[in-house]
There are 2 protein chains.
Amino acid sequence: MSEPGLVAVFAALGDDTRWRILIALGEGEASASALAGRLPVTRQAIAKHLAVLEEAGLVEPVRVGRELRYRALGSELGRTARELDRIGAEWERRLALIKRLAESPADGEASSSA
Amino acid sequence: MSEPGLVAVFAALGDDTRWRILIALGEGEASASALAGRLPVTRQAIAKHLAVLEEAGLVEPVRVGRELRYRALGSELGRTARELDRIGAEWERRLALIKRLAESPADGEASSSA
DNA sequence: TTCGAGTGCAACCGTGAGGTTGCAGTCAAT
DNA sequence: ATTGACTGCAACCTCACGGTTGCACTCGAA
């Protein structure tokens, strides 16, 4: 439960502005104010987005003097990716199985795999 | 060079009801009506969600008589997972690099006023 | 000490997403 | 031919989300 919910992570990643923030952070830490200088939105909007991203575990705050910078965390992305891949693979497996059954002749073609 | 659909996929995955639909579909194709029987939402709500999921490439329609069933596609999940992993790994790499620099002896980035 | 950069909080706004109800159309089976 | 299941619009509602403005506060530096 300590981990942020999968759905929350996806919801966080499902916004364009948030991605722009993440990409920007990918090039190095930055504060909300600094990001506001680069993106066409207000500092406060950025701050809200950063809160969402932090909640999702995609970003981490770092104090530097009176500045509050954020750093992009790849680990959560990695974990999410693995989870996604697992689920997707499962669906594909099942789908392949179904197709296999559908294509198998309904005759006396029994006893293939067991 | 992220594909234009990436964010759409995440947005589609960022909803709880949609996940429940996907999980249900993961166990086999089903129509909107059938799904409405299993989930605590209306058939129409499900239909809208299915439209979103189809748009994101996560689901595929299959006609069966007058029924319109949907099937979960693992391939898109797989592709998305790979993309996620790539980006996450890049951030981690950069982060490791920064930490390395910070720990190196008398170097330290003296360029900034700190 | 004063000044300014940077942050935090709160109120407010418009739009769209998630959901519902209602109705009309279509097609398979009896 | 009738019926019933299933689909496809369309209108409508509510509320959270993305965004803004405004103000108060803190703290580092001149």
message = In this structure, how many angstroms lie between the P atom of D:dA5 and the CG atom of B:Leu68, rounded?
response = 19 Å
query = Which whole-number value in Å describes the distance from B:Ile46 CD1 to D:dC9 P?
reply = 18 Å
key: Separation of D:dG18 P from A:Leu13 CG (nearest whole Å)   = 12 Å
inquiry  = Let's see if you can work this out: which of C:dG19, D:dT7, C:dG6 has an atom nearest to the side-chain heavy atoms of A:Ser33?
reply    = C:dG6
message = Using whole Å, what does the distance between atom P of nucleotide D:dC6 and atom OH of B:Tyr70 come to?
response = 15 Å
query = Short question: side chain of B:Thr42, backbone of B:Ala45 - any donor-acceptor pair under 3.5 Å?
reply = no
query = In the single-linkage hydrophobic clustering (I, L, V, M, F, W, Y; side-chain heavy atoms under 4.5 Å), do A:Phe10 and B:Val59 co-cluster?
reply = yes
request  = Start with the C-alpha gap between B:Val7 and A:Asp15, add the side-chain angles, then the distance that decides, and say whether side chain to side chain contact (heavy atoms under 4.5 Å, CB included) holds.
outcome  = CA-CA 7 Å; B:Val7 180; A:Asp15 181 83; 5.8 Å; no
task = Report the relative orientation of the aromatic rings in B:Trp91 and A:Trp19; use parallel for angles under 30°, tilted for 30 to 60°, perpendicular for over 60°.
result = tilted
ask   = What are the two closest non-hydrogen atoms of A:Ala24 and A:Leu35, and how far apart are they?
value = CB-CD2, 3.7 Å
message = Between P on D:dC6 and CG on B:Leu50, what's the gap in Å once rounded to a whole number?
response = 15 Å
remark   = Rounded to whole Å, the CG-P distance (B:Leu35 to D:dA5) equals 18 Å
message = Tell me the interatomic distance from B:Arg63, atom CZ, to D:dG8, atom C1', rounded to whole angstroms.
response = 11 Å
message = Using whole Å, what does the distance between atom P of nucleotide D:dG18 and atom CG of A:Leu53 come to?
response = 10 Å
Protein-nucleic acid N or O pairs under 3.5 Å, nucleotides 14-18 of chain C:
unit_1, atom_1, unit_2, atom_2, d
C:dG18, OP1, B:Arg18, NH1, 3.2
C:dG18, OP1, B:Arg18, NH2, 3.1
C:dG18, OP2, B:Arg18, NH1, 3.0

request  = Take A:Leu6 and B:Leu13 through the test side chain to side chain contact (heavy atoms under 4.5 Å, CB included) and record every step on the way to the result.
outcome  = CA-CA 9 Å; A:Leu6 243 202; B:Leu13 291 177; over 6 Å; no
query = If you draw a 6.0 Å radius around CD in A:Glu54, do more than 12 non-hydrogen atoms from other residues or ligands fall strictly inside?
reply = yes
ask   = Can any side-chain N or O of B:Arg18 pair as donor or acceptor with the backbone N or O of B:Ala12 at less than 3.5 Å?
value = yes
Quick one: which protein N/O atoms are closer than 3.5 Å to N/O atoms of nucleotides 21-27 of chain C? Pair and distance per line, please.
unit_1, atom_1, unit_2, atom_2, d
C:dG22, O6, B:Gln44, NE2, 3.0

query = If you group Ile, Leu, Val, Met, Phe, Trp and Tyr by side-chain heavy-atom gaps below 4.5 Å, do A:Val62 and A:Tyr70 land in one group?
reply = no
